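Reviewing the structure listed below.
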Amino acid sequence: MEPNMVTPTSDPTTILEKQEAKIKPPPMFEVALLNDDYTPMEFVVSVLQKFFGMDREKATQVMLKVHREGRGVCGIYPRDVAASKVEQVSGYARQHQHPLQCVMEEA
Ligand code: TYC
């Protein structure tokens, strides 16, 4: 049955419960930064503040995690928001001629 088909009943709470059980949440995507040898640490910190709303301390922690471990998660979003973050960050890095890579992956 279509997810929005209404079961014939006079009790609206019954209908809501049946829909809740069937509608699954949207797929979510991690947006991550990858390490490289050239992008300045300060630029990465500024990206995390500008595009992911982090304060300076959190941004520095995430930047250092990427620097040490090769990859770090910046946030988890629905597909369209994640894709927009990747495009914005990649464009900004390109504009500033840094090789910083930003990627998304289903969480
Ligand atoms: N490894 C870079 C350096 O030593 C810093 C860096 C951190 C680059 C995180 C990219 O996503 C990155 N300047």
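In listed order, ligands and their atoms are each counted from 1. Remember, predicted model here, so these are calculated numbers, not experimental data.
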Glu30/Lys85 ion pair, N-O < 4.0 Å:
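Salt bridge absent between Glu30 and Lys85.
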Got a salt bridge between Arg94 and Glu87, using NZ or NE/NH1/NH2 to carboxylate O under 4.0 Å?
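No.
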Enclosure of Glu106 CD (heavy-atom neighbours >12, cutoff 6.0 Å):
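Yes, enclosed.
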CD (Gln49) with more than 12 external heavy atoms under 6.0 Å
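Enclosed: over 12 neighbouring heavy atoms sit under 6.0 Å from CD of Gln49.
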At under 4.0 Å between heavy atoms, which part of Asp36 makes contact with ligand 1: side chain, backbone, both or neither?
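It is both backbone and side chain that touch ligand 1.
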Around [atom], find the nearest protein heavy atom and jot down its residue, atom name and distance.
{"atom": "atom 5 (C) of ligand 1", "answer": "Thr39 O, 3.4 Å"}
{"atom": "atom 9 (C) of ligand 1", "answer": "Val66 CG1, 3.5 Å"}
{"atom": "atom 4 (O) of ligand 1", "answer": "His67 CE1, 3.1 Å"}

Could you label the plane-to-plane angle of the His96 and Phe43 rings as parallel, tilted or perpendicular, counting under 30° as parallel and over 60° as perpendicular?
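The arrangement is tilted - the two ring planes meet at 30° to 60°.
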Strictly distance-based, threshold 3.5 Å: is any side-chain N or O of Thr60 a donor or acceptor partner for the main-chain N or O of Arg56?
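Checking the backbone N and O of Arg56 against the side chain of Thr60, a donor-acceptor pair under 3.5 Å is found.
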Proximal atoms of ligand 1 relative to Leu100 (non-hydrogen, under 4.0 Å)
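Counting from 1, the qualifying ligand atoms are 10 (C), 11 (O), 12 (C).
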Does an N or O from Leu34, backbone or side chain, lie closer than 3.5 Å to an N or O of ligand 1?
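Yes, there is a polar N/O contact under 3.5 Å.
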Run down the list Leu64, Asn35, Leu48, Val45 and name the one with the heavy atom closest to atom 8 (C) of ligand 1.
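Among Leu64, Asn35, Leu48, Val45, the closest heavy atom to atom 8 (C) of ligand 1 belongs to Asn35.
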